[in-house]
Every structure is written in C-alpha cells, then in structure tokens.
Amino acid sequence: MSIDAWSRLSTDAFNVALYAYVAAMLGYFYFLAFRRTVVWRIASVVASAGLAANVVSVVARGVAAGRVPWGNMYEYSTLLALLVVAGHLIVVEGIYKVRVIGGFALAFAVLTMAVAVMFLYVGPGPLVPALNSYWLKIHVVAAILGSSLFALGCIVTILYLVKDRREQLAAERIVPIMGGSLELDAAPPHFEAGADEPVGGTVRRGLLPAAAVLDRIAYRTIAFAFPIWTFAVIAGAIWAENAWGRYWGWDPKETWSFITWVVFAGYLHARATSGWRGRRAAVIAMVGFVSLLVTYYVVNLWITGLHSYAGV
Amino acid sequence: MSSSAAKAPRMNIRQSLALVWRTLRSMRTALVLLLVLAMGAVAGSLVPQAGTSDARIAAMFRDHPLRARIYNQLGLFDVFGSWWFTLIYTLLLVSLVACLIPRTRAMIRNLRSRPQPARELDSMRHYAERSVRAEPDRVISGARRVLRRRLFRVNGSNGSGPPSLAADKGLAREGGSLLFHWAFLLILVGIVWGKGTGFSGLAVIVEGQTWTEAHANYDGQIHEGRFFREDHSGVQIHVDSFTARYRIPSGIPEDFVTHAELYDAEGRYVKTADIRVNHPVEVEGVKFYQFGYGWAPVIDVRRDGEPLASGPVVCQQDPTPKGVSPLQLPWNCVVKLPTLRPQVGIQFRLWPDSRALFALLDKGQAMPMITEFAPVMTYTAYRGDLRAELTQSISQLDTSAMQPFKDGVIGAGDRVKLGNGVTVSFPDLKQYTVLEVKRDRGLWIELLAAILILIGLLPALYTSRRKVWVIAEPDGTGSRLRVGGFALQRRSQFEEEFAKLVDELSEPFGEKVNAP
C-alpha cells in the first residue's frame with residue numbers, strides 16, 4: 001500500500017471511530033436514563049467497534065508517517081481518545097462492572113477527537129529534529145497514558161460530586177421511623193482514622209452507583225495515573241537534558257505538567273487529611289483536571305515555548 | 001505592666017517554637033503549601049519570564065510601565081527565582097523534613113519491633129472462628145507457615161495462655177512513602193551540588209577550527225555556579241564540518257549535525273562524534289549540545305598584496321519578524337580595519353543562495369535559502385573613526401563617525417578593489433556551529449533521586465497495611481482456631497482476603513464443625 005493509501009485509511013478509520021463513539025455515547029446516556037440493559041449491551045459493542053477503528057486509525061497513521069504516531073497534537077488527541085475508551089471498557093466496565101460511566105467517558109473521547117479533526121489536523125510527515133528521539137516514544141506514551149487515566153478518574157469524580165450531593169440531600173430528607181434507620185447501610189459514607197477510603201454507603205439508589213463506589217473508582221484511577229504521570233515528567237526531564245542541555249527550565253509545558261503533578265499530589269494528600277476528604281479532595285481533583293487540559297491544549301496552542309512545535 | 005501577660009496564656013519561646021514546628025508538621029500545612037506552590041507556578045507561566053520572553057517584558061515596560069514596574073517589584077518576571085517562590089518551596093521542604101523525621105523514627109522502631117500480640121479478637125472488625133482437628137501447637141505452626149508465605153511478619157507468643165501469634169504486613173507502604181519524600185531532598189542536593197559546581201556557555205566554532213574549553217573562548221556570557229572555582233576542563237573539540245538538512249520545498253528542518261573530533265585536556269584524541277539535536281556528546285564530564293548554526297564567509301582583505309584581515313567571519317541574522325522564516329533573511333557581518341588611516345570598516349550582507357537576492361530584487365519575493373548556491377555578499381565600506389574604545393563588539397559597526405565610500409556586490413571567488421590598493425576577496429563560504437557547552441556533576445544524583453521517587457511511589461500507593469492475630473485454644477481432641485484481622489487500606493478487598501486466609505489456616509487440619 002502506498003503512503004497515501006495508509007493516510008486515507010487512517011482518516012477513514014478515524015471517522016468510523018468518531019461516529020461509533022457518538023452512537024455509543026448516545027446509547028450509554030439512553031441506558032443511564034431508561035435502564036434498558038439491551039441498549040447498554042449495544043452501546044458497549046459499538047464502543048468496542050469504534051475502539052477497533054481507532055486502533056486501525058492510529059496504526060495506519062504511524063505507517064503513513066513512518067514513525068510512532070504521536071508526534072503532533074492531532075495524533076496525540078487520537079491516541080488519548082483511544083486510551084480513555086479502552087480504559088473505560090477494560091477497567092470501569094470490565095473490572096469494576098460499572099456501566100453508567102460510559103456516556104461520560106465516550107463524551108470526553110468524542111470531544112477530544114472532534115477538536116482534533118476540526119482544529120488540529122495535519123497530514124502525516126516526519127518529525128522536526130528536536131522531536132526525533134526514542135524519548136518521544138517513552139515520554140509521550142507515559143504522558144498520554146497518565147492523561148487518559150487522569151481524565152477517566154476525573155470523569156468519575158464529577159459523577160461522585162453529583163451523586164454525593166444527592167445522597168446528602170436524601171439523607172436529610174429521611175426521617176428515621178421510631179428512632180430506627182430505614183436502611184442500615186444507607187448511611188452516608190464516613191472515614192475512619194488513618195483510612196484512605198470511606199466505609200459504608202455502598203447501597204445504590206438512583207441512576208448512579210453509590211457515591212462511595214464512585215469515589216473509590218476515582219481514587220484508584222488517579223492513584224494509578226499518578227506514578228505514570230510522575231514517570232512522564234521525569235522522562236521529559238531526561239529528554240530535555242538530552243535535547244536542550246537542561247533537565248528543567250520552567251518552559252510553559254514543564255511548568256504546567258509540574259502544576260498538574262503538584263495538584264494531584266495535593267489530591268492524594270488531601271485524602272489522608274481530616275477535613276479534606278470527600279468533596280474537598282474531589283474538588284482538588286477537578287482543579288487537577290483543568291490543569292491537565294491547560295497543560296495539553298492551552299500550552300500548545302496559546303503559550304509560546306519550547307513545546308510549541310509539538311503543536312498543530 | 002505584667003497584668004496583660006499574666007492574663008494571656010503565657011507562651012515562652014520554646015513553646016511557640018514547638019507550636020510552629022507542630023503546625024509545619026501537619027499534613028494540612030503541607031497540603032496548603034503544595035497548592036500555593038502550584039498557584040505560584042501558574043503565575044510563572046502566565047507572566048512572561050526573563051530569559052525566555054525578554055521581548056515581551058520589554059514591550060510591557062513600554063506599553064504599561066506602571067504594571068510592569070509593579071510586576072517587577074513582585075518578582076513576577078522571574079517567578080522561579082523570586083524570594084517568595086523560594087520561600088514557598090523552602091517552607092514545603094522544611095515541613096517535609098519536620099514530618100519525615102518522626103515518621104522515619106517510628107518506621108525504624110516499627111521495623112525493629114515485632115507484631116504485638118492481642119487477646120480480644122472477637123471485637124475486631126474482621127473475626128472468624130473454626131474448630132479444627134489438630135492440637136493448638138500444630139495449628140499455630142501451620143498458621144505461621146501460611147502467613148509467612150503470604151509475606152506477613154510473624155511473631156509467636158511465648159507467654160502464658162493458649163498458643164497464639166501476631167502478624168502484620170504492608171510496612172512497604174510507609175517505607176515507600178518515606179523513600180519517595182526523602183528523595184525530594186536528594187533532588188535539592190543534586191541541584192545545589194550540580195549547578196553550584198557547574199558552568200554552561202556557548203561555543204561558536206567555524207568548520208575546520210579547534211576550540212578549547214577555557215574561560216576566554218566562550219561566546220558571550222558563561223553561567224557559572226556559586227561554588228565554581230574556574231576549573232575549566234581544557235578539553236578540545238575540532239569541528240570538521242557542519243550539515244543542516246531541510247525538507248524541500250517546505251523548509252521544515254530535518255537534521256543539524258556537527259561532525260567533530262574530541263580531545264581530552266592533554267590533547268589526546270578521544271573520539272569522533274556527530275553532535276546533533278537530542279544527541280549530545282560528552283568528554284571528561286563536559287557535554288556538547290547542538291545549539292545553532294550560521295554562515296561564516298572567508299574574507300580576505302589585503303593592501304598591496306599584504307594581508308590585513310584574513311579568515312572566516314562569523315555572520316549573524318537580525319531578529320526575525322513575525323511570519324518570516326529565518327531561512328529567508330540574509331546574514332550580516334563586519335570586518336574592521338583599525339590599522340588603516342583613516343580607519344575602515346566594511347559591512348557585509350551574505351546571501352548563501354544568490355537566487356534569493358535576485359528573487360527579492362526582481363520580483364520582491366522572499367525565498368528560503370536552504371542550501372548554498374552561488375553565494376554573494378553585498379557590502380558597504382565606511383571610512384572614518386571606528387570608535388573601538390566605545391564598541392567592543394566584533395559583529396557591530398558604529399558608523400556614527402564614519403562615511404560610506406564604496407558599496408557593491410562580491411560573489412564567491414571574486415575580488416573587488418576598494419581603492420588605495422585595498423582589495424577584498426571572498427574565496428570560500430563556510431558554516432559555523434553553535435554548541436552549548438555544559439558541566440553538571442549533579443545529574444547522576446538527580447537521576448538516582450528520580451528512580452527512588454518512582455521506586456518509593458509504587459508501594460506507597462499500592463500496598464496495604466494488614467494485621468492478623470491467630471489464637472488456637474485447646475478444644476477437646478482438637479483446637480478452636482480464632483482469627484482476628486484489621487486493615488487500614490483497601491478495606492473492601494480485605495473482606496475477601498481475610499475469608500480466604502481463614503480457610504487456608506483451617507483447611508489442612510480438617511474442620512470438625514463450623515463455629516456458629
């Protein structure tokens with residue numbers, strides 16, 4: 001196959017993936033609203049098909065460009081969407097058996113890919129010398145993996161905040177009958193000394209899983225992402241040492257990846273600090289997510305720095 | 001006089017210091033400091049910083065002088081070197097140490113001590129009883145094996161009462177966390193030592209020249225560490241040639257390579273290397289990085305056949321306006337002839353690809369100059385006073401006390417006459433490479449710290465602390481096995497782990513009856 005054919009295949013597969021993700025997202029949201037398991041099953045299959053197309057798109061792009069397919073923002077976005085969807089299908093649906101997050105995870109993937117195809121598209125081509133390094137493979141893969149997991153964790157955190165609010169409102173409404181509690185385990189989750197996860201409150205009421213379950217998934221996803229992000233920053237520093245002769249120079253990208261790292265470190269500490277657990281920690285995670293988006297979009301597109309060439 | 005002091009709770013210096021120390025140690029303080037550090041870094045990314053955005057800072061001083069002055073006073077143009085940013089991370093590190101010392105002590109105590117026995121197992125969150133067909137001692141030694149296999153630390157009882165043991169695991173969680181946090185201090189050590197004893201600067205080397213790493217040979221400023229004792233290495237680098245490759249016609253850079261030979265301080269040959277972006281070379285701890293390049297025409301000026309100035313002259317470009325590729329701009333250089341009376345200075349403007357000059361003259365079109373093609377230079381010769389006492393720069397000509405007397409074009413291989421027997425020829429065009437030369441002895445410390453951070457982080461996040469107690473009480477012909485458990489992390493998982501553990505402890509002996 002010619003380079004043009006590979007390039008076309010990549011674009012076509014990208015479109016198939018995007019449409020499949022949109023369809024799956026609608027299906028997931030329909031399931032969330034009406035609880036039709038069959039719709040969830042279809043959405044899941046469509047999302048998996050979209051994921052396969054996404055993989056084809058990324059691989060074909062790599063073949064067309066003759067290098068690893070994460071050399072610019074369009075490619076990075078495509079891979080980010082791929083990992084978020086894969087993470088959702090494998091971790092959230094596969095391991096945690098939680099079905100209702102699909103719509104939000106897919107919405108993130110759809111947004112990322114739509115922005116990529118509308119504003120960031122460039123044809124496949126070779127890399128500028130500064131990017132031409134095996135550290136590109138290591139640093140960028142870690143960064144993208146960390147970002148996708150952070151993104152997933154933060155989607156769940158948003159749902160946690162929504163659900164937690166509802167549970168609190170519900171708890172205020174429940175009037176214990178004759179001093180007894182209606183449901184033993186329906187008490188809002190609470191922390192015990194020294195613990196990093198709440199106990200209780202796992203009974204599910206309403207559309208979303210219990211806040212405690214959402215909180216646990218969010219925490220574990222972010223705790224999984226944090227070392228990967230740490231590694232990405234370290235690998236970036238080693239690469240910078242090789243490429244620019246200094247491992248840290250407060251370039252905007254470095255600064256913002258550091259800010260993201262610090263905020264998520266704050267999140268992990270907040271979960272072990274009394275008075276900060278629960279909603280406050282969740283808000284810190286949201287700040288971290290915003291910082292992640294700034295690290296990726298704002299720094300590449302609007303702030304001039306050494307990473308600018310990695311842009312559009 | 002002393003009445004107010006008597007009313008207020010008295011606090012002597014020691015007590016107030018203790019309070020400050022306690023506050024610093026608290027996790028909440030660390031958390032707030034972390035978030036403040038992040039906010040400081042945000043300011044550093046939004047306000048243009050000295051060193052990277054000098055032009056934007058100058059523009060702000062021009063357009064908004066008041067705001068620029070306030071920013072400058074607050075150190076916002078150099079956030080990461082400002083006193084308040086230093087204060088934040090110093091406080092954070094002090095808080096870190098304040099927190100780490102007692103935790104490390106406790107950890108050491110914990111490592112030395114053995115799991116403590118407990119008797120009241122049935123009040124624990126996780127508790128189970130089984131009746132098994134084996135005497136208590138056998139049950140306990142079996143339990144010891146099982147727990148050891150599961151990486152528990154086991155401590156048997158040797159006091160009165162039925163045989164029992166206490167076990168725990170997951171010390172790696174705290175150990176990893178301590179390692180992770182201590183490693184940040186190691187980073188600080190690496191920075192202070194590496195930057196303090198190191199230096200960095202730029203070397204401009206024309207093809208065919210040899211450059212020695214010594215103070216006088218740097219181009220521009222050398223950044224020297226606070227503890228640097230002028231111990232320059234004396235290593236040498238000989239540049240054979242330089243290659244820049246661009247994609248045609250887009251002008252996207254593909255590769256910049258300096259082909260060089262390296263010699264140690266005694267002048268012994270060490271190696272031949274290609275220095276390119278992402279591929280620095282190192283000799284005796286001194287690293288050479290590809291930084292930039294430019295053109296250096298060989299210019300030969302003679303009077304009556306006697307050379308006045310001869311050799312390659314390093315040319316530079318004006319700052320590129322927005323939307324213009326540097327490849328489209330000509331290169332400027334100067335030759336000064338201070339020995340002539342009156343003094344003469346010649347400004348050259350080099351077009352490495354003469355087609356670009358003609359495209360500009362004929363059609364007013366800018367054309368990128370990707371490779372050398374029939375290079376030409378335009379020149380203007382001035383006569384008068386060079387004012388050498390005022391302008392030290394070799395690349396700039398101060399024409400305020402001079403008049404132009406001749407201009408023209410000179411192609412590669414040509415010779416032109418300036419008058420008074422002075423001739424200028426342009427026999428050859430070379431390139432020069434700009435290398436960043438650097439020594440940082442702290443790099444290995446930073447790398448070690450980074451590795452320790454990662455090694456520490458994994459158990460700190462993913463292992464969980466568990467405690468288990470086992471008691472076997474004699475019960476007729478067999479024993480009554482009682483197991484209690486306690487988990488600090490991932491409690492939902494421990495439920496299952498605990499059930500499995502109890503099965504494993506009792507199964508080898510055969511159960512008589514399940515306890516109620």
Side-chain angles (χ1 to χ4, degrees), chain A residues 125-135 192 194-197 199 202 216 220 223-224 226-227 230-231 233-234 237-239 241-252 255-256 258-263 265-266 268-270 272-276 284 287 291 294 299 303-306, chain B residues 26-28 30-32 34-35 37-39 41-42 44-46 49 51-53 56 79-80 125 180 191 200 245 247 250 252-257 276-280 287-291 436-438 440 443 446-447 450-451 453-454 457-458 460-462 464-465 487-492:
Chain A
L127 296 162
V128 296
L131 278 179
N132 201 351
S133 159
Y134 58 86
W135 283 105
E192 288 174 13
D196 59 350
E197 287 179 358
V199 289
T202 48
R216 188 176 308 143
R220 296 212 175 149
F224 186 40
F226 187 74
T230 308
F231 175 74
V233 173
I234 291 171
I238 297 174
W239 186 8
E241 167 65 29
N242 271 320
W244 303 320
R246 86 286 181 295
Y247 48 86
W248 198 267
W250 297 108
D251 165 73
T255 306
W256 276 98
F258 171 75
I259 294 167
T260 306
W261 185 88
V262 166
V263 174
L268 294 178
H269 283 89
T273 310
S274 62
W276 283 81
I284 297 180
V287 174
S291 166
V294 172
V299 168
I303 302 180
T304 334
L306 288 168
Chain B
S26 85
M27 182 81 103
R28 192 160 303 150
L31 183 56
V32 170
L34 267 179
L35 297 180
L37 186 71
M39 284 192 281
V42 171
S45 90
L46 297 183
Q49 295 294 293
T52 51
S53 324
R56 283 174 61 207
V79 165
F80 303 106
R125 174 179 286 280
F180 171 83
I191 291 175
S200 73
R245 275 198 295 124
R247 273 171 75 77
S250 63
I252 294 172
E254 271 193 338
D255 206 5
F256 304 116
V257 198
R276 33 162 64 93
V277 181
N278 273 314
H279 297 278
K287 273 182 160 179
F288 295 88
Y289 297 84
Q290 185 61 51
F291 187 84
E436 183 171 17
V437 185
K438 214 183 130 198
D440 186 339
L443 284 181
E446 318 278 13
L447 186 64
I451 293 169
I453 282 173
L454 285 173
L457 198 49
L458 300 179
L461 285 173
Y462 306 136
S464 319
R465 192 111 170 82
L488 265 174
Q489 291 90 20
R490 311 216 166 196
R491 298 180 165 189
S492 44

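Because the structure is predicted, anything quoted here is derived from the model rather than measured.
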* Hey, is B/Lys287 close enough to A/Glu241 for a salt bridge, meaning N to O under 4.0 Å? -> yes
* Part of B/Phe291 lying under 4.5 Å from any heavy atom of chain A -> neither
* Asked: Taking all non-hydrogen atoms of both residues, which atom of A/Gly266 and which atom of B/Leu31 are closest, and how far apart?
  -> O-CD1, 3.1 Å
* Structure fact -> In terms of heavy-atom pairs under 4.5 Å with chain B, the winner among A/Phe224, A/Trp261, A/Phe258, A/Tyr247 is A/Tyr247
* To do: Considering only heavy atoms and a distance below 4.5 Å, find which of B/Val42, B/Leu37, B/Leu35 pairs most often with chain A.
  => B/Val42
* Side chains of B/Leu34 and A/His269 in contact at under 4.5 Å (non-hydrogen atoms) -> yes
* Heavy-atom closest pair, residues A/Ala223 and B/Tyr462 -> O-OH, 2.8 Å
* To do: Please report the closest heavy-atom contact between B/Ala38 and A/Val262, naming both atoms and the distance.
  => CB-CG1, 3.8 Å
* **Rounded distance [0.5 Å steps], CG in B/Leu454 versus CD1 in A/Ile234** => 4.0 Å
* To do: Kindly give the heavy-atom pair with the smallest separation between A/Thr255 and B/Ala41, and that separation in Å.
  => CG2-O, 3.3 Å
* Taking all heavy atoms of A/Ala243 and all of B/Val277, pick out the closest pair and write down the distance. => O-CG1, 4.5 Å
* **Segment of B/Ile191 engaging chain A (4.5 angstrom heavy-atom cut-off)** => both
* Structure fact -> Bottom line for B/Glu446: the part with an atom under 4.5 Å from chain A's heavy atoms is side chain
